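Heavy-atom basis, side chains included; hydrogens, waters and symmetry copies ignored. Note on naming: letters A, B, ... go to the chains in the order of the sequence lines (proteins, then strands), and numbering restarts at 1 for each one. What you see is a predicted model; the values in this text were computed from it and never measured.
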Number of protein chains: 2
Amino acid sequence: MTIRVVVADDQSMVRAGFRMLLAGEPDIEVVAEASNGVEAVEQAARLHPTVMLMDIRMPELNGLEATRRILAVDERIRVLVLTTFDLDEYIYEALRAGASGFVLKDDPPEQLISAIRIVAAGDALLSPAVTQRVIARFTRLPRRAPPAGFKDLTERELDVFRLMARGFSNAEIGHQLFISGTTVKTHITHILQKLHLRDRVQAVVLAHETGLLDDERE
Amino acid sequence: MTIRVVVADDQSMVRAGFRMLLAGEPDIEVVAEASNGVEAVEQAARLHPTVMLMDIRMPELNGLEATRRILAVDERIRVLVLTTFDLDEYIYEALRAGASGFVLKDDPPEQLISAIRIVAAGDALLSPAVTQRVIARFTRLPRRAPPAGFKDLTERELDVFRLMARGFSNAEIGHQLFISGTTVKTHITHILQKLHLRDRVQAVVLAHETGLLDDERE
DNA sequence: TTGGCGTTCCTACCTCGGTAGGAGGCGGGC
DNA sequence: GCCCGCCTCCTACCGAGGTAGGAACGCCAA
């Protein structure tokens, strides 16, 4: 099982460099090159490689959009983004686009090779500096600890809470739960009392900050 | 500059294994061991090592809580969590607790050594399998694209929007912006019209889903 | 059995939020 | 100059949201 790689970069020197670098690895084969995003998508659709080595800055179609289109064609292709700049927006967008890894061009060569094997195996890898940023972003997430009194909520109150947190009116909540709007009011009054909140708006804010909705929103 | 390491694990065999493994590295020195979380915190406070190798499952005090306390004492200490299980909750909690890395015990030894050097240098590193999960979690975040009409909002309307999204009443918003509550009402009416929303609750939901607040909430 | 809790529903009342419609001031562009 | 967009503020009105207080039912544990 050799790992079939397509190299997408607009500089031919860079592509040649990768070819040379990977030529020494018996389990890795560079099967094609692409000099812009459009070509990259075409090659991916035609060859279905194991791994796409993808530069971000490319003419015609940038690497991020190319990644999205490639994965739309064949989601089994593993895209390893390889770029010079570790700008935050690039990283987040690349990961959202579905990239399996993010490696910097000035990382040591053996790290790139190991990254190719890792993503080919179905795992994921980020450059250490990039990992740093992703973790920072990740931990900065507004997942505040649920306040005292949260666990006093009954099952039914949680039902109401979840719907309220999605912006529904009392009548809509009642309709979805097959109860009257006045009952919904009762539940909400209890919720606000237990959580020491003033109105439903504060409840909605709290729900999002604590990640109350994250579970059932698949 | 040698990297000074404390190994915290409740099994003495494991500690001995790490000592042996790291003995071959000239730039790494194991300066102490800890067999539970309490000892780990004590050793960290006493020796201020560069890196703490931290198991999660430990008696007395688990590795996650120990990590929090260590970083409260000296935030320069880099904690590298090293455990057998890559359970999601462990990972997220460890990163939130401030860990700089997450390595599995069945990763290859050279990867552990390289991880120690990486976190000692101030970067971060996750096991490939762990990286996979973090990315999955990360991209699953509810960062919906802002709806059409969002960019039609004026600067002042955005001011109001941001405060509204944090749960303030019209009067409170007016007070903070030095305008009257009725003016706030006017702005909100315009916001709702432009975004095609029914009431402020839906606006709050939208603000959180699109991450409107992420920027200025430092 | 009795009491408590959770769920359901009601009436009555008040406040706040949102709409409608208008008005004045200020600035920049035509 | 004039108009337009933005910001400010107002009155008046209505409906939704929230509170207070009560009531009925089922369930379960003491």
Taking [atom1] from [X] and [atom2] from [N], how many angstroms apart are they, rounded to a whole number?
{"X": "A:D199", "N": "C:dC16", "atom1": "CG", "atom2": "P", "value": "10 Å"}
{"X": "B:I188", "N": "D:dT8", "atom1": "CD1", "atom2": "C1'", "value": "15 Å"}
{"X": "B:I191", "N": "C:dG18", "atom1": "CD1", "atom2": "P", "value": "10 Å"}
{"X": "A:I173", "N": "C:dT8", "atom1": "CD1", "atom2": "P", "value": "13 Å"}
{"X": "A:Q202", "N": "C:dC16", "atom1": "CD", "atom2": "C1'", "value": "13 Å"}
{"X": "B:L197", "N": "C:dT19", "atom1": "CG", "atom2": "P", "value": "10 Å"}
{"X": "B:M164", "N": "C:dC16", "atom1": "CE", "atom2": "P", "value": "18 Å"}
{"X": "A:K185", "N": "C:dT11", "atom1": "NZ", "atom2": "P", "value": "11 Å"}

Within the side chain of A:Q193, is there an N or O that forms a donor-acceptor pair under 3.5 Å with the backbone of A:H190?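 The answer is no, because no donor-acceptor pair under 3.5 Å joins these two groups.
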
Is a donor on one side and an acceptor on the other found under 3.5 Å between the side chain of B:K105 and the backbone of B:T83?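 No, the answer is negative, given that no donor and acceptor are paired below the 3.5 Å cut-off.
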
So does [X] get a side-chain nitrogen or oxygen closer than 4.0 Å to the phosphate oxygens (OP1/OP2) of [N]?
{"X": "B:H190", "N": "D:dG5", "result": "no"}
{"X": "A:S180", "N": "C:dT8", "result": "no"}
{"X": "B:N170", "N": "C:dG17", "result": "yes"}
{"X": "B:R198", "N": "C:dG18", "result": "no"}

Step by step, work out the side-chain contact (heavy atoms from CB on, under 4.5 Å) result for A:E33 and A:D9. CA-CA 8 Å; A:E33 296 180 5; A:D9 196 302; over 6 Å; no

Between B:S180 and B:T183, do the side chains contain an N or O donor and an N or O acceptor separated by less than 3.5 Å?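 Looking only at side-chain atoms, B:T183 and B:S180 do form a donor-acceptor pair, the distance falling under 3.5 Å.
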
Could you state the interatomic distance from CD1 (B:I116) to OG1 (B:T50), rounded to the nearest 0.5 Å?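 The OG1 atom of B:T50 is 10.5 Å from CD1 of B:I116, to the nearest 0.5 Å.
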
Between B:I179 and B:D152, which is nearer to the 5' end of DNA chain D once each is assigned its nearest nucleotide?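 That would be B:D152.
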
A:T189 side-chain proximity, nearest of D:dC7, C:dT7, D:dT19: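 For the A:T189 side chain, the nearest candidate turns out to be D:dT19.
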
Looking at C:dC9, C:dT7, D:dT8, which one has an atom nearest to any side-chain atom of A:T182?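 When the side chain of A:T182 is considered, C:dC9 is the closest of C:dC9, C:dT7, D:dT8.
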
Looking for any heavy atom pair under 4.0 Å, which part of the strands does [X] touch: base, sugar-phosphate only, or nothing?
{"X": "A:T186", "value": "base"}
{"X": "A:T183", "value": "base"}
{"X": "A:T154", "value": "sugar-phosphate"}

